[in-house]
Undergrad: 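The structure that follows is given in the form of structure tokens.
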Amino acid sequence: MSLKTYLPFGRPCFGEEEVAAVTRVLRSGWVGMGPETQAFEAELAEALGAPQVVTVNSCTSALFLALLVQGVGPGDEVICPSLTWCSTANAALYLGAKPVFCDVDPETLNLTPATVKAKITSRTRAVMAVHFGGLAVEVEALGRALPRRVTIIEDAAHALGTRYADGRPVGGSGNLSCFSFYANKNLSTGEGGAIALCDEDTADRLRSLRQHGMPVDAWKRFSHPRSLITSSLHELGFKMNYTDLQAGLGRVQLQKQAEFAARRLTIAVRYCEGLADLTPPVTCQRHILHPHHARHLFVVQLPLEEMALSREELLLALRAENVGATVHYAPLHLMPLYQGPGPQPALPVTQRLWERLLTLPISASMQPADTAPVITSLRHCLEQRKTSWIKPFIGKTPPAMASAAD
């Protein structure tokens with residue numbers, strides 16, 4: 001059994017309901033930020049158990065604005081895991097602050113109070129708690145380990161649908177929590193993000209900052225005839241607003257989250273069952289089948305010492321069989337952009353994980369049956385010796401991979 005077309009690691013699940021929502025918004029004559037955005041924010045706030053939700057154009061913008069309204073600036077340090085997407089660290093750099101990288105737990109792939117405490121200095125102003133793959137960082141324990149002057153920003157790009165150990169949804173902790181609606185996320189609107197929070201005054205400031213720093217947004221100015229357009233600016237803002245076209249998609253996607261979560265769980269269960277007796281064995285992220293895990297990613301750790309292939313050879317071999325496996329993530333502390341003078345931080349767990357991590361395809365648009373050829377291909381690659389059929393792909397882009405990127 002093989003895959004006839006390329007199966008990416010994650011892709012959106014859109015149906016006729018999403019098409020109808022976009023059509024409805026187009027026919028309304030208002031496609032920018034307006035009533036649809038307000039409705040989506042209210043519905044998302046209810047789902048997250050957060051009093052306030054402010055949508056923006058990306059999770060990167062959400063992280064940046066969250067740090068900004070918490071007063072992070074030049075000279076400050078922001079602790080974040082090295083095992084994350086670059087936006088987590090770049091949000092600090094945009095404000096003139098310094099990202100300080102910490103290690104993670106080898107089983108959860110999340111930062112811990114201990115790994116964060118090892119990096120705290122007198123300049124530490126914030127911690128970016130990344131809920132890796134959809135598994136929650138226990139932020140209450142993290143908060144107890146921090147000085148009161150240090151704020152927690154939750155990078156919940158993977159975590160829509162994730163719950164803390166006590167059952168509350170990520171987004172309802174009281175911390176500023178930043179979500180992503182990028183194409184491959186559990187809730188997708190193509191692009192976009194949101195900040196969930198409790199404080200109404202901070203939410204109002206975020207709404208102003210996302211729209212040039214204006215005290216009233218474009219929808220209010222243009223939809224109310226008595227609303228003037230000559231408002232004074234008091235703070236430098238940005239162009240980071242969401243749109244009603246995206247919000248129309250988001251409202252439908254939000255209604256489907258239970259269905260999407262059930263599909264992701266089915267796929268994860270099939271992977272776990274299919275890989276359980278693999279020799280040499282692979283290790284899944286801790287709690288991957290727990291109801292509180294959102295399963296945005298399905299990540300395994302490879303037994304490199306017992307493999308005939310390197311991780312890179314394995315990736316190329318899988319892609320040659322139309323399996324869109326990938327790696328999350330290359331450690332940030334090893335990248336030239338983030339390296340300062342002097343010795344680089346020693347993050348032994350992150351370094352070891354980076355060499356072994358592999359992400360298998362998972363999405364609500366996958367069919368459960370798609371897991372069978374993925375498992376078969378992975379088993380085949382792990383159980384064989386190096387053979388000449390793999391070598392032509394080394395250093396090249398397999399045809400299936402190239403077509404998927406077009």
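Small disclaimer: the values here were computed from a predicted structure and weren't measured.
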Undergrad: Taking only residues two or more places apart in sequence or in another chain, which ones pass side chain to side chain donor-acceptor pair (under 3.5 Å) with D155?
TA: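 By the side chain to side chain donor-acceptor pair (under 3.5 Å) rule, D155 matches T88.
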Undergrad: Looking at R149, I'd like to know if its CZ atom is crowded, meaning that more than 12 non-hydrogen atoms belonging to other residues, nucleotides or ligands lie closer than 6.0 Å.
TA: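 Result for CZ/R149: enclosed.
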Undergrad: Evaluate the side-chain proximity of F14 to V19: yes if any heavy-atom separation is below 4.5 Å, no if none is.
TA: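 They are not in contact (no side-chain heavy atoms under 4.5 Å apart), so the answer is no.
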Undergrad: Scan for salt bridge (charged side-chain N to carboxylate O under 4.0 Å, His left out) pairs involving residues 128-144, sequence neighbours excluded, and state none if there are none.
TA: E140-R168
Undergrad: Within the side chain of Q257, is there an N or O that forms a donor-acceptor pair under 3.5 Å with the backbone of Q253?
TA: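 Judged by distance alone, yes, a pair lies under 3.5 Å.
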Undergrad: Please find the pair of heavy atoms, one from I375 and one from G274, that lie closest to each other, and give the distance.
TA: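 Heavy-atom minimum between the residues: CG2-O, 3.6 Å.
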Undergrad: Distance-only, no hydrogens or angles: does the D244 side chain make a donor-acceptor pair with backbone N or O of A247 under 3.5 Å?
TA: no
Undergrad: Would you tell me whether Q52 and R207 have side-chain atoms, one donor and one acceptor, within less than 3.5 Å of each other?
TA: yes
Undergrad: Taking CD in E355 as the centre, count heavy atoms belonging to other residues, nucleotides or ligands within less than 6.0 Å. Is the count above 12?
TA: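 Count over threshold, so yes.
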Undergrad: Side-chain contact, heavy-atom cut-off 4.5 Å: M366 with R264?
TA: no
Undergrad: Under 3.5 Å, is there a donor on one side chain and an acceptor on the other for T350 and D103?
TA: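 Short answer, yes.
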Undergrad: If I take atom OG1 from residue T371 and atom CG from residue L378, how far apart are they, to the nearest 0.5 angstrom?
TA: 12.0 Å
Undergrad: If every non-hydrogen atom of A21 is compared with every non-hydrogen atom of V252, which pair is closest and at what distance?
TA: CB-CG2, 3.7 Å
Undergrad: Taking everything shown except Y329 itself, do over 12 heavy atoms lie less than 6.0 Å from its OH?
TA: yes
Undergrad: Please determine whether side chain to side chain donor-acceptor pair (under 3.5 Å) holds for the pair T189 and Y182, giving the CA-CA distance in whole Å, both sets of side-chain angles, and the decisive distance to 0.1 Å.
TA: CA-CA 6 Å; T189 64; Y182 182 63; over 6 Å; no
Undergrad: State, to 0.1 Å, how close R263 and A364 come at their nearest heavy-atom pair, and which atoms those are.
TA: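 Here R263 and A364 meet closest at NH1-O, 3.4 Å.
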Undergrad: Taking the side chain as every heavy atom from C-beta outward, state whether T151 and N175 have any pair of such atoms under 4.5 Å apart.
TA: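 Side chain of T151 against side chain of N175, heavy atoms only: no contact under 4.5 Å found.
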Undergrad: Any donor and acceptor pair, going by atom type alone, linking the side chain of T115 with main-chain N or O of T112 inside 3.5 Å?
TA: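 Indeed, once roles are kept as given, a pair shorter than 3.5 Å links the two residues.
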Undergrad: Do E154 and I195 have side chains that get closer than 4.5 Å, going by heavy atoms?
TA: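 With C-beta onward as the side chain, the pair stays apart.
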Undergrad: One pair to check against side-chain contact (heavy atoms from CB on, under 4.5 Å): L347 and V104. What are the steps and the verdict?
TA: CA-CA 8 Å; L347 305 177; V104 294; over 6 Å; no
Undergrad: Going by the rule ring-ring contact (aromatic ring centres under 6.0 Å, His included), which residues pair with H131 if we only count those two or more places apart in sequence or in a different chain?
TA: none
Undergrad: Restricting to non-hydrogen atoms, name the atom on C80 and the atom on P99 that form the minimum distance, rounded to 0.1 Å.
TA: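 For C80 and P99, the tightest heavy-atom pair comes out as SG-CB, 4.5 Å.
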Undergrad: Check step by step if side-chain contact (heavy atoms from CB on, under 4.5 Å) holds for L160 and L44.
TA: CA-CA 10 Å; L160 189 74; L44 187 57; 4.0 Å; yes
Undergrad: Would R125 and E77 pass as an ion pair if we require N to O under 4.0 Å?
TA: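 A salt bridge is absent here (no side-chain N lies under 4.0 Å from a carboxylate O).
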Undergrad: Any non-hydrogen side-chain atom of F179 less than 4.5 Å from a side-chain atom of L48?
TA: yes
Undergrad: Side chains of D370 and L3, heavy atoms from C-beta outward: is any pair under 4.5 Å?
TA: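 Answer yes - side chains close enough.
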Undergrad: Answer yes or no: does atom CH2 of W354 have more than 12 heavy-atom neighbours from other residues, nucleotides or ligands under 6.0 Å?
TA: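 Yes, enclosed.
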Undergrad: Taking the side chain as every heavy atom from C-beta outward, state whether F101 and L332 have any atom pair closer than 4.5 Å.
TA: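 Side-chain contact under 4.5 Å: yes.
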Undergrad: Return the CZ to CD distance between F181 and E191, rounded to the nearest 0.5 Å.
TA: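 Rounded to the nearest 0.5 Å, the CZ-CD separation comes out at 12.0 Å.
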Undergrad: Under a 4.0 Å threshold between the charged nitrogen and the carboxylate oxygen, would E200 count as salt-bridged to R205?
TA: no
Undergrad: Do the non-hydrogen side-chain atoms of I362 and H296 ever get within less than 4.5 Å of each other?
TA: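 When only atoms from C-beta onward are counted, H296 and I362 do not touch, as no gap falls below 4.5 Å.
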Undergrad: Give a yes or no answer on whether the side chain of N57 reaches the backbone of G192 with a donor-acceptor pair at less than 3.5 Å.
TA: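 Checking the backbone N and O of G192 against the side chain of N57, no donor-acceptor pair under 3.5 Å is found.
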Undergrad: Taking all non-hydrogen atoms of both residues, which atom of S28 and which atom of V25 are closest, and how far apart?
TA: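 Closest heavy-atom pair between S28 and V25: OG-O, 2.6 Å.
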Undergrad: Using 0.5 Å steps for rounding, measure from the OG atom of S363 to the CG atom of L7.
TA: 7.0 Å
Undergrad: Nearest 0.5 Å, what's the OH-CG distance between Y338 and L93?
TA: 6.5 Å
Undergrad: Please lay out, stage by stage, how L337 and N90 fare under the test side-chain contact (heavy atoms from CB on, under 4.5 Å).
TA: CA-CA 10 Å; L337 174 62; N90 289 352; 4.1 Å; yes
Undergrad: Do any pairs count as a ring-ring contact (aromatic ring centres under 6.0 Å, His included) and have a residue in residues 44-67, sequence neighbours left out, and if so which ones?
TA: F64-F238
Undergrad: Taking all atoms of both residues into account, what is the closest heavy-atom pair of I153 and C178, and its distance?
TA: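 Answer, listing the atom of I153 first, then C178: CG2-SG, 4.1 Å.
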Undergrad: Should F9 and H328 be marked as a ring pair (Phe, Tyr, Trp, His ring centres under 6.0 Å) after you check the CA-CA gap, both sets of side-chain angles, and the distance that decides it?
TA: CA-CA 11 Å; F9 85 87; H328 292 86; 4.9 Å; yes
Undergrad: With rounding to the nearest 0.5 angstrom, report the CE to CG distance, M33 to L245.
TA: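 One finds 13.5 Å between CE of M33 and CG of L245.
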Undergrad: Under the side chain to side chain donor-acceptor pair (under 3.5 Å) rule, what do H380 and E321 come out as? Steps first, then yes or no, please.
TA: CA-CA 11 Å; H380 175 67; E321 296 192 17; 4.7 Å; no
Undergrad: Taking S377's backbone N and O only, do any of them form a donor-acceptor pair with R379's side chain (distance below 3.5 Å, no angle check)?
TA: no
Undergrad: So, taking the atom named OG1 in T55 and the one named CD in E41, what distance separates them when rounded to the nearest 0.5 Å?
TA: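 Answer rounded to 0.5 Å: 3.5 Å.
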Undergrad: Distance-only check: which donor-acceptor pairs under 3.5 Å involve side-chain atoms of residues 297-308, not counting sequence neighbours?
TA:
unit_1, atom_1, unit_2, atom_2, d
Q301, NE2, P106, O, 2.9
E305, OE2, R356, NH2, 2.2

Undergrad: Under 3.5 Å, is there a donor on one side chain and an acceptor on the other for R11 and S365?
TA: yes
Undergrad: Kindly say whether V22 contributes a backbone atom to a donor-acceptor pair with the side chain of R27 at under 3.5 angstrom?
TA: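 Not at all, since once roles are kept as given, no pair shorter than 3.5 Å links the two residues.
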Undergrad: Please walk me through it: do V130 and L111 pass side-chain contact (heavy atoms from CB on, under 4.5 Å)?
TA: CA-CA 7 Å; V130 178; L111 54 70; 5.8 Å; no
Undergrad: Using a 6.0 Å cut-off, check whether atom CZ of R123 has over 12 heavy atoms from anything other than its own residue.
TA: no
Undergrad: Provide the full list of salt bridge (charged side-chain N to carboxylate O under 4.0 Å, His left out) pairs with a residue in residues 105-122, sequence neighbours left out, each pair given once.
TA: E107-R286
